[in-house]
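Step one of this worksheet: look at the structure below.
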Protein chains: 2
Amino acid sequence: MVTDMPSRPPASRPSGRPRSAAADTAILEATRAALVDLGWSRLTLGDVATRAGVAKTTLYRRWAGKNELVVDAVAVLFDELELPDRGSLAADVEGVVRQFAAILDRPETKTALMAVVAEATRDAPLRERIRTSIVERQKRLVVEGRARAAARGELPDEPDAGAAGRAADLIFDVVAGAVVHRTLVSGQPADAEWARAFTRLLLDGLAGV
Amino acid sequence: MVTDMPSRPPASRPSGRPRSAAADTAILEATRAALVDLGWSRLTLGDVATRAGVAKTTLYRRWAGKNELVVDAVAVLFDELELPDRGSLAADVEGVVRQFAAILDRPETKTALMAVVAEATRDAPLRERIRTSIVERQKRLVVEGRARAAARGELPDEPDAGAAGRAADLIFDVVAGAVVHRTLVSGQPADAEWARAFTRLLLDGLAGV
DNA sequence: GCGTTTCGCTACGGGTCGTAGCGTAACCGG
DNA sequence: CCGGTTACGCTACGACCCGTAGCGAAACGC
């Protein structure tokens with residue numbers, strides 16, 4: 001979404017014809033459909049506009065380019081992420097893994113996520129956009145699961161806030177990275193059996209197996 | 001490399017002007033340079049040909065397209081991977097992490113690796129090419145490190161070959177995935193401190209920290 | 001020399017990009 | 001009801017890159 005809000009909260013009626021909210025959702029939906037049919041590289045903005053029943057110029061008025069559009073189109077899929085309390089740290093870890101795996105199983109995300117990450121290596125604003133709209137939503141689950149485990153007494157309390165943050169970052173990179181690598185690089189499904197084995201490894205370590 | 005070898009080993013002299021080996025290396029080198037300067041998306045084959053001092057048609061005679069070319073150009077960087085025996089499992093794990101991190105620190109690999117992986121989700125031959133020329137070279141280190149640890153008695157022997165293979169796959173996805181995610185998604189360096197923390201997590205597990 | 005294959009070069013049709021320009025539509029205030 | 005303002009649909013455009021065809025010249029083995 002393009003955030004060019006004038007910094008005036010009271011009665012922010014910009015006067016004039018308002019942007020069609022229906023067009024926004026239609027465009028994002030068309031983008032996901034195009035990703036499924038064509039993949040990242042063959043996807044063109046002209047095609048998306050046609051699918052959405054919208055003029056190409058309208059698309060360019062709202063998004064700077066392909067990268068930003070696809071990030072927004074895929075980001076909504078991460079809204080469904082949530083972590084019900086399953087009673088134990090092991091069960092919660094497995095729950096997180098299953099959630100990540102389910103999203104990465106969709107063809108839209110398979111082809112789009114790595115592509116935008118690749119683009120983000122040379123585009124700081126895009127990197128920030130990905131961070132806030134995708135990465136942080138995932139990370140929330142990890143932080144939440146850790147807090148629960150600490151409350152249950154399964155993990156030692158960490159008084160140092162800085163160290164706790166670094167630990168959460170590390171665990172997040174391990175969990176998300178493993179699922180992504182398994183799914184996209186190794187090209188094999190992160191199914192229930194794999195999730196169980198990964199959880200055991202994460203909790204008990206290499207020596208514990 | 002295009003492997004259109006005629007299945008005739010004896011005296012395979014195809015008669016005619018041989019392909020310039022110098023052109024191959026010049027093209028791959030020019031590709032890496034272009035990746036550094038332009039990144040994946042702005043890289044064009046015409047530009048690579050110009051940089052290499054080679055006609056564009058020559059490039060198309062040897063590689064099917066951008067994907068295949070970049071995979072070959074980046075693959076050679078993984079040749080330097082090796083795992084000197086550092087005496088303990090922890091030290092060896094840290095060594096592997098440092099090696100992966102060093103390669104991912106280069107701007108060529110940063111922008112190229114995720115891009116080709118994204119393309120590979122819709123291109124099975126490309127996936128196989130990546131597997132044999134990049135992934136397997138990394139995986140070798142993990143298998144080797146595990147064998148050493150077992151010989152030292154740091155890990156229990158695994159008589160079942162199938163289970164051992166699955167375990168190696170899992171560990172590889174965890175190690176490589178964590179480094180990749182840390183570097184490219186979280187956008188932070190996998191430095192010595194991080195490698196140490198990760199190693200401790202991998203060996204002792206969540207509870208051990 | 002002869003056949004064969006590669007090379008450099010030029011040229012081309014086809015596709016996508018991102019933008020400009022125009023007339024029309026929607027919403028607001030007076 | 002009527003200007004002011006902004007969004008929309010449409011068309012057209014130059015610029016760029018793609019991938020290939022066709023040519024003459026160069027580099028091998030025989």
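Heavy atoms only: backbone and side chains are in, while hydrogens, waters and symmetry mates are out. Letters A, B, ... mirror the listed sequences (proteins, then strands); counts begin at 1.
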Does A/Glu136 pair with A/Arg140 as a salt bridge, N-O distance under 4.0 Å?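 Looking at A/Arg140 together with A/Glu136, the answer is no, because their closest N to O distance does not fall below 4.0 Å.
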Taking 4.0 angstrom as the limit, do A/Arg51 and A/Asp47 come out as a salt bridge?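 A/Asp47 and A/Arg51: salt-bridged.
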Let's see if you can work this out: which of [options] has an atom nearest to the side-chain heavy atoms of [X]?
| X | options | answer |
| --- | --- | --- |
| B/Lys56 | D/dG19, C/dT19, D/dC8 | D/dG19 |
| A/Arg62 | C/dC27, C/dT19, D/dA7 | D/dA7 |
| A/Arg61 | C/dT19, D/dG9, C/dG8 | D/dG9 |

Using heavy atoms to find the nearest nucleotide of DNA chain C for B/Ser20 and B/Gly16 separately, return the residue whose nucleotide is more 5′.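 Comparing both residues, the 5'-ward one is B/Gly16.
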Tell me: [atom1] of [X] to [atom2] of [N], nearest whole Å?
| X | N | atom1 | atom2 | result |
| --- | --- | --- | --- | --- |
| B/Arg42 | C/dC17 | CZ | P | 14 Å |
| A/Lys66 | D/dC17 | NZ | C1' | 14 Å |
| B/Leu59 | C/dC9 | CG | P | 14 Å |
| B/Leu43 | D/dC16 | CG | C1' | 15 Å |
| B/Tyr60 | D/dG19 | OH | P | 4 Å |
| B/Glu68 | D/dC18 | CD | P | 14 Å |
| B/Trp63 | D/dC18 | CH2 | C1' | 18 Å |

Quick check: closest heavy atoms across [X] and [Y], and the distance to 0.1 Å?
| X | Y | answer |
| --- | --- | --- |
| A/Arg62 | A/Ser20 | NH1-O, 3.2 Å |
| B/Met114 | B/Leu184 | CG-CD1, 3.2 Å |
| B/Ala26 | B/Ala52 | O-CB, 3.7 Å |

Under 4.0 Å: is that the gap between some side-chain N or O of [X] and OP1 or OP2 of [N]?
| X | N | result |
| --- | --- | --- |
| B/Arg19 | C/dT6 | yes |
| B/Thr57 | C/dG8 | no |
| B/Ser15 | C/dT5 | no |

Reading DNA chain D from 5' onward, which residue's closest nucleotide shows up sooner: A/Val54 or B/Gly46?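 The residue whose closest nucleotide sits nearer the 5' end is A/Val54.
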Between the base of C/dT5 and the side chain of B/Arg17, is there a donor-acceptor distance below 3.5 Å?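 When only heavy-atom distances are counted, B/Arg17 does not reach the base of C/dT5 through any donor-acceptor pair under 3.5 Å.
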